[in-house]
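Chain identifiers are assigned alphabetically (A, B, ...) following the order of the sequence lines, protein sequences preceding nucleic acid strands; residue numbering begins at 1 within each chain. The structure presented is a predicted model; accordingly, all values stated were derived computationally and were not measured.
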Amino acid sequence: MVSVGTIVWLSSELMFFAGLFAMYFTIRQVRPDLWSEHTPTLNVPFATANTIVLVISSVWCQLGVYKAEHGQAARTGSLLNVSGWGMREWYVLTYIFGSLFIAGQVYEYAQLVHDGITLSSDGYGSVFYLTTGFHGMHVTGGLIAFLLIIGRTFTTRHYSHAQATGAVVTSYYWHFVDVVWIALFATIYLLK
Amino acid sequence: MKTESFVFALVGVFGLVMGPIYGIATDWQEPVGPVGLLLAAGLGFMVAFYFWLTGKRIGYRPDDNLDGNIDEAAGEYGDFTPHSWWPLWLGLTSSIVFLGLAVGWWVFAIGAFFGVFALVGWVFERYKGQHAM
């Protein structure tokens, strides 16, 4: 039932991002000149690399879910023996890739602010930072959730069903945020 | 869960049909409608799909039977926290955090500090001590 609740909530999150997409397209419709002026400053190769990092983190997350469903929280062998990794190791790796994405976004923001695009500079700056920023906050929230979920695995001697459920629904959220980013990336960086 | 799945699929079909109609009617000059309607279709189909998947997993329920009786649905429903005070603290600290956005970052920092305790307290409420889940 936890998973059904998570999906229903994620569907409402979809509507939250629908609002952001609607805002983006509306401002672009009204002021196309801002887009032709600012989109050349976007660093598309860098953003593409960042996107790939986030997509790969989803793969690691799914491998962690696989381990969680088989009730394996901890690794069986050494840290170098990847096939023996448990849910914890995969989730830590997911966390590292997620934080790499956020770090990349911070770097990108710094570059754009340097180029004069800020939240209050004009319409383009506002929608750019609002859409990518709200997504970034979702990713950050996901990272916090990963910490809590990893923390929960240490509370019992054996990995419990409730802990596995928590790990699985956190992965739902992570995949959702990942898919939203792909849509945002396509809209902002490819469609321009 | 066929009925539940069907109801949400209806929401999806409505959005999927009305989105393009709205777009054509406004000559694609008004993006809010198509975006909102098509993503509302996403909302409907997403929930419908997951209900369908869950229905396949848990199988037949008395709720699916038109002639079913209420007592057939008796039994265990899962684990629920009987009561918890943590959501109250989490709500209060979240209010301070959002107040901080309007007033100043120092208010935000105070809210975030206490928010950490509220969040960890809630998440680990049933995951500590002898009876940890």
Side-chain angles (χ1 to χ4, degrees), chain A residues 1-30 32 127 131 137 140-141 144-166 168-170 172 175-176 179-180 183 187 191, chain B residues 1 4-5 8 11-12 15 19 22-23 26-55 57-58 76-81 94 97 101 112 115-116 118-133:
Chain A
M1 288 308 104
V2 176
S3 55
V4 172
T6 306
I7 293 290
V8 172
W9 168 64
L10 285 179
S11 74
S12 79
E13 283 276 277
L14 191 64
M15 296 319 291
F16 172 79
F17 281 103
L20 292 177
F21 276 110
M23 173 193 74
Y24 181 91
F25 286 122
T26 305
I27 308 273
R28 194 178 72 155
Q29 182 97 20
V30 181
V127 294
T131 50
M137 282 202 271
T140 311
I144 294 170
F146 277 130
L147 288 185
L148 295 168
I149 286 296
I150 293 167
R152 264 185 180 178
T153 64
F154 293 98
T155 58
T156 50
R157 198 183 301 247
H158 300 289
Y159 194 55
S160 70
H161 181 69
Q163 290 170 356
T165 306
V168 170
V169 297
T170 308
Y172 288 171
H175 295 322
F176 172 81
V179 169
V180 166
T187 308
L191 218 63
Chain B
M1 309 231 335
E4 291 94 325
S5 182
F8 276 93
V11 175
Y22 189 105
T26 55
D27 210 16
W28 302 101
Q29 293 303 304
E30 199 285 297
V32 175
V35 170
L37 283 163
L38 287 176
L39 284 178
L43 172 145
F45 285 130
M46 190 170 151
V47 178
F49 172 73
Y50 200 76
F51 279 1
W52 172 79
L53 208 67
T54 309
R57 188 166 55 84
I58 63 175
E76 205 173 311
Y77 274 82
D79 262 317
F80 298 99
T81 312
S94 303
V97 163
L101 293 181
V116 170
L119 181 65
V120 172
W122 193 22
V123 170
F124 283 92
E125 185 175 25
R126 302 191 70 202
Y127 290 85
K128 61 180 165 51
Q130 261 190 318
H131 302 289
M133 279 170 72

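When all heavy atoms are compared, the tightest approach of Met15(A) to Gly36(B) is CE-O, 3.8 Å. Counting all heavy atoms, side chain and backbone alike, Leu14(A) lies closest to Gly42(B) at CD2-C, 3.6 Å.
By the 4.5 Å heavy-atom criterion applied to side chains, Ile7(A) and Thr54(B) are not counted as neighbours.
Of the two parts of Phe124(B), only the side chain, counted from C-beta on, holds a non-hydrogen atom closer than 4.5 Å to a non-hydrogen atom of chain A. For a residue to count as touching a neighbouring chain, one of its non-hydrogen atoms must lie under 4.5 Å from one of that chain's; by this rule Leu53(B) does not touch chain A. Residue Phe8(B) does not touch chain A at all, counting heavy-atom pairs closer than 4.5 Å. Only the backbone of Trp28(B) comes within less than 4.5 Å of a heavy atom in chain A; its side chain stays farther off.
Paired with Tyr50(B) under the rule side chain to side chain contact (heavy atoms under 4.5 Å, CB included), one option of Thr6(A), Val4(A), Val8(A) passes, and it is Val4(A).
Here Thr153(A) pairs with Ala73(A), Met87(A), Arg88(A), Tyr159(A) under the side-chain contact (heavy atoms from CB on, under 4.5 Å) rule; sequence neighbours left out. Residues passing the side-chain hydrogen bond (donor to acceptor under 3.5 Å, both in side chains) test with Thr156(A), sequence neighbours excluded: Gln163(A).
Taking Tyr127(B), Phe45(B), Phe51(B), Phe49(B) one by one and counting their heavy-atom pairs under 4.5 Å with chain A, the maximum is reached by Tyr127(B). Counting heavy-atom pairs under 4.5 Å between each of Arg152(A), Gln29(A), Arg28(A), Glu13(A) and chain B puts Arg152(A) at the top. In terms of heavy-atom pairs under 4.5 Å with chain B, the best-connected choice from Gly151(A), Gly19(A), Ser3(A) is Ser3(A).
A distance of 4.5 Å separates CG in Leu10(A) from CE in Met46(B), rounded to the nearest 0.5 Å.
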